[in-house]
Amino acid sequence: MGQILAIDYGKARCGIATTDDMQIIASGLDTVETHFLMSFLSQYFSKNRVDAIVVGLPIDLKGQISEVETDILSFIEKFKSEFPDIKVERLDERFTSKMASFFISQSGKSKKQRQQKGLIDKVSATIILQNFLEQKIR
């Protein structure tokens with residue numbers, strides 16, 4: 001069994017989280033500038049077995065798809081052509097950034113650390129992945 005990776009995709013940067021090889025525990029992995037995402041994934045896949053990726057589905061409070069979805073769909077198309085054996089899943093990512101900010105504020109990190117957008121993206125990806133794992137169990 002391989003890992004599952006989650007991506008909190010953004011125009012500037014992407015938060016990435018991964019599971020252990022048993023697909024039980026979600027952990028934050030890294031934050032990568034979006035234009036380096038495919039090369040990061042290529043390098044990661046060369047060293048790790050990954051069965052699937054979960055990409056956040058950006059839906060707003062009114063149920064509308066965010067404008068970044070166009071970029072996400074382009075990324076997914078390119079991803080599938082480069083990595084056809086890795087399954088792509090989608091998961092509603094509503095509230096993950098707010099939840100990430102809350103968890104970070106409760107973690108005892110300094111104000112400067114809490115304001116790092118990259119940390120929020122990585123924690124958001126972890127929340128997306130944890131939610132995916134919980135849905136998979138049901």
If every non-hydrogen atom of [X] is compared with every non-hydrogen atom of [Y], which pair is closest and at what distance?
X    : Y    : value
L37  : I16  : CD1-CD1, 3.8 Å
T126 : A26  : CG2-O, 3.8 Å
Q23  : G2   : NE2-O, 2.6 Å
G56  : I72  : O-CD1, 3.8 Å
I7   : I128 : O-CD1, 4.3 Å
T31  : K122 : OG1-CB, 3.7 Å

Check: R90 side chain, V54 main-chain N or O, donor-acceptor pair, under 3.5 Å: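 Looks like no, no N/O pair under 3.5 Å.
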Under 3.5 Å: donor-acceptor pair, side chain of D30, backbone of V32: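 Here the side-chain-to-backbone pair does not exist.
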Rounded to the nearest 0.5 Å, how far apart are [atom1] of [X] and [atom2] of [Y]?
X   : Y   : atom1 : atom2 : result
I59 : S66 : CD1   : OG    : 10.0 Å
D21 : N48 : CG    : CG    : 7.5 Å
F83 : I53 : CZ    : CD1   : 9.0 Å
S42 : K47 : OG    : NZ    : 11.5 Å

Aromatic ring pairing F75/F79, orientation class (parallel under 30°, perpendicular over 60°, tilted between):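 Tilted: the ring planes of F75 and F79 meet at 30° to 60°.
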Cluster check L91, L133: I/L/V/M/F/W/Y, side chain < 4.5 angstrom: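 As far as the 4.5 Å side-chain criterion goes, L133 and L91 are connected within one cluster.
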Exceeds 12 heavy-atom contacts within 6.0 angstrom, atom CD of E82: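 Enclosed.
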Residues T19, Q3; criterion side chain to side chain contact (heavy atoms under 4.5 Å, CB included); working and verdict: CA-CA 5 Å; T19 64; Q3 301 170 357; 3.8 Å; yes
side-chain hydrogen bond (donor to acceptor under 3.5 Å, both in side chains) partners for D71, two or more places apart: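 Listed in chain order: K11.
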Stepwise side chain to side chain contact (heavy atoms under 4.5 Å, CB included) check, F45 with L5: CA-CA 10 Å; F45 296 160; L5 232 62; 3.9 Å; yes
Derivation of the side chain to side chain contact (heavy atoms under 4.5 Å, CB included) call for D8 and V123: CA-CA 9 Å; D8 180 31; V123 174; over 6 Å; no
